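Atoms within each ligand, like the ligands themselves, are counted from 1 in listed order. Values reported hereafter were calculated over all heavy atoms of this structure, with side chains retained and with hydrogens, waters and symmetry mates removed. Because the structure is a prediction, the values reported are computed rather than measured.
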Amino acid sequence: MSDQFQIAGKAYQSRLIVGTGKYKDFQETRAAVDASGAEIITVAIRRVNIGQDASQPSLLEYLPPSQFTYLPNTAGCYNATDAVRTLRLARELLDGHKLVKLEVLGDANTLYPNVRETLIAAETLVKEGFDVMVYTSDDPIVAKELEDIGCCAIMPLASLIGSGMGILNPWNLRLIIESAKVPVLVDAGVGTASDAAIAMELGCDGILMNTAIAGAKDPVLMARAMKLAVMAGRDAFLAGRIPRKLYTADPSSPVSGLIAAK
Ligand SMILES: CC(=O)[C@@H](O)[C@H](O)COP(=O)(O)O
């Protein structure tokens, strides 16, 4: 059965996108990315060196763009102007690269998206030819507006960035998934593998995560767990779960034709 995951016209095997921040060093980043099976990696242009500082080691040496699809992101941007400027810089550093993750934050306390600024930035970036994957709230109306603007993927938070609180509002995610015609990925808040599986079982097309892997005691092992959870959740979604029942039992074996007890 073909079950293609496509972003901006390109097919990927892995539905897991991983961040590259919060690791001990670039070697650990590479090991975790390999264990996760991710093909798309996101990079905070304001925080991670991909050539902005020629005197420092660059992530590009450890995760070459020939092997991974880069997804430059605007972590640390609090308004549309900064976010657009940051992604234009990323495009220069990565030779005209178009696929980007837009995140415009509301405040440093919650890192919740500033939806008004996100919409403004998304409009500009789409007009400039970027393929925009957008971090947003789990508001289905805003998600639709971002899709109408032309974003190539909608990425609602599961819970606050870095909180590891898992999926707080599965019902809103369902509303977004049901109406979207572009891929929907949960971005932010995943804490452990079961969160990832639940998001995929809900029908998310993929997941973007960072902290749950990078902050685990053993990031490489957690990366593998996330890879398996995303695959298991996707299979369970496609397989179609049994309907939920009231709290009543249903024997697993046939009830007719029983051998009579003596
Ligand atoms: C790496 C990145 O883009 C984060 O801003 C993203 O939102 C992930 O959040 P978690 O760290 O909670 O997975």
What are the polar N/O contacts of ligand 1 with the protein below 3.5 Å, with distances?
unit_1   : atom_1 : unit_2 : atom_2 : d
ligand 1 : 3 (O)  : Lys101 : NZ     : 2.6
ligand 1 : 5 (O)  : Glu103 : OE1    : 3.1
ligand 1 : 7 (O)  : Lys101 : NZ     : 3.4
ligand 1 : 7 (O)  : Asp187 : OD1    : 2.7
ligand 1 : 11 (O) : Thr211 : N      : 3.0
ligand 1 : 11 (O) : Thr211 : OG1    : 2.4
ligand 1 : 12 (O) : Gly162 : N      : 2.7
ligand 1 : 12 (O) : Gly189 : N      : 2.9
ligand 1 : 13 (O) : Asn210 : N      : 2.9

ask   = Tell me, which pairs form a ring pair (Phe, Tyr, Trp, His ring centres under 6.0 Å) where one or both residues lie in residues 89-143, sequence neighbours left out?
value =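 Sorted result for residues 89-143: empty, none.
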ask   = If you look only at pairs with a residue in residues 33-67, which of them pass as a ring pair (Phe, Tyr, Trp, His ring centres under 6.0 Å), with sequence neighbours excluded?
value =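 As it turns out, the ring pair (Phe, Tyr, Trp, His ring centres under 6.0 Å) pairs with a partner in residues 33-67, which skip direct neighbours, are Phe26-Tyr62.
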query = Are more than 12 heavy atoms from other residues, nucleotides or ligands located less than 6.0 Å from atom CZ of Arg174?
reply =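 No.
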query = Has Gln13 got more than 12 heavy atoms of other residues, nucleotides or ligands less than 6.0 Å from its CD?
reply =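 No - once you tally the heavy atoms of other residues, nucleotides and ligands closer than 6.0 Å, there are 12 at most.
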inquiry  = Grouping I, L, V, M, F, W and Y whenever their side-chain heavy atoms are under 4.5 Å apart, do Ile120 and Val126 come out in a common cluster?
reply    =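 No; tracing contacts between hydrophobic side chains, which count when under 4.5 Å, never links both residues.
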Side-chain hydrophobic cluster, 4.5 Å single linkage: members besides Leu99 =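 Direct or chained contacts put Leu99 with Phe5, Ile7, Tyr12, Ile17, Ile40, Leu71, Met133, Met155, Leu185, Leu208.
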